[in-house]
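Structure, as structure tokens:
For clarity, every value in this text was computed on a predicted model and none was experimentally measured.
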Amino acid sequence: SANPLQLAEVIGRYAQVKGATCQQTVAKRHGMYDAIFDAVIVDEAARANPLDLLIPMTLGKKVILVGDHKQLPHILEPDFEQQLEMDAEQFDAIYSQSLFERLYKELPASKKVMLRKQFRMHPQIGRLVSRLFYPEGLQHGLPEEALANTSGVYDGYHLAWVNVPFEAGGESRRYVNEAEAKTVIKLVKQLVKDAKNIGNISI
């Protein structure tokens, strides 16, 4: 049986298309650390911190960054945040903006494009998202009947706000909201009666 690491190295050496995380691009076993590619495509580029994003960017003759700086921001290490002695306003001004967002704002219009048609959500949800985050406006690729709410919950509405009080789980679990967890369980129990697929995303 072949060594998996050796196998990965051989495949990496001869494959024309290679995939890896930002940091893995410099791992020797992937055979990319000393290569120059015709094109490097970085997906979810707005989520990568600047140092991680620079790693794959150095490996391409052409670099294409795909992402959305109006969605979840890039990740900063909590230890890094705690070591900086500055107020929240200063911190946000310097560190909260991702490299992707800086590039998007600085690049000329000919070097960037914003996709405006979404296919993920019901137009009712899409209109709210558009109004709150995309002043240039979103178009909705699927008709309302294609994403009908047939779950039997919320009377056919596609978006509902549930007011849940904060209920901390103790000092060691300050990021846990016990009341929210209980509410999610209650809602899922209601939905499983009729819904075939349920997705729960917590942020």
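- Criterion: ILVMFWY side-chain heavy atoms under 4.5 Å apart, direct or through other members. Under it, Leu65 and Phe37 are part of a common hydrophobic cluster.
- The shortest heavy-atom contact between His69 and Tyr104 is CE1-CD2, 3.3 Å.
- Clustering ILVMFWY residues whenever any of their side-chain heavy atoms sit less than 4.5 angstrom apart, transitively, puts Met114 in a cluster other than the one holding Leu103.
- Ile198 contributes atom CD1, which lies 10.5 Å from atom CD of Gln190 (distance to the nearest 0.5 angstrom).
- The same ILVMFWY cluster, assembled from side-chain heavy atoms under 4.5 Å apart, contains both Val164 and Val184.
- Taking 4.5 Å as the limit, every side-chain heavy atom of Met121 sits out of range of all side-chain heavy atoms of Leu147.
- Heavy-atom neighbours of Glu106 CD from other residues, nucleotides or ligands within 6.0 Å: at or below the threshold of 12.
- The residues Glu101 and Lys105 are annotated as salt-bridged, a charged nitrogen and a carboxylate oxygen being separated by less than 4.0 angstrom.
- Note on ring orientation: taking the six-membered ring where Trp is involved, the planes of His158 and His122 are parallel (angle under 30°, cut-offs 30° and 60°).
- Residues Pro135 and Lys70 approach most closely at CD-NZ, 3.8 Å, considering heavy atoms.
- No more than 12 heavy atoms of other residues, nucleotides or ligands sit less than 6.0 Å from atom CZ of Phe133.
- Side-chain contact between Asp52 and Gln23 is present, with heavy atoms from C-beta onward closer than 4.5 Å.
- The hydrophobic clustering, which links ILVMFWY residues whose side-chain heavy atoms are closer than 4.5 Å, places Leu53 and Leu59 together.
- The shortest non-hydrogen separation linking Phe100 to Ala45 is CD1-CB, 3.5 Å.
- Counting heavy atoms from C-beta on, the side chains of Arg47 and Cys22 never come closer than 4.5 Å.
- A 4.5 Å side-chain heavy-atom check between Leu54 and Leu99 finds at least one atom pair inside the cut-off.
- Considering only heavy atoms from C-beta on, His140 comes within 4.5 Å of Gln118 through its side chain.
- With values rounded to the nearest 0.5 angstrom, Ile36 atom CD1 is found 7.0 Å from Thr58 atom OG1.
- Residues Trp161 and Val129 share a single hydrophobic cluster, defined by chaining ILVMFWY side chains whose heavy atoms lie under 4.5 Å apart.
- Between Leu159 and Gln124, the shortest heavy-atom contact is N-OE1, 3.8 Å.
- Annotation for Lys186: atom NZ does not count as buried by contact number, only 12 or fewer foreign heavy atoms lying within 6.0 Å.
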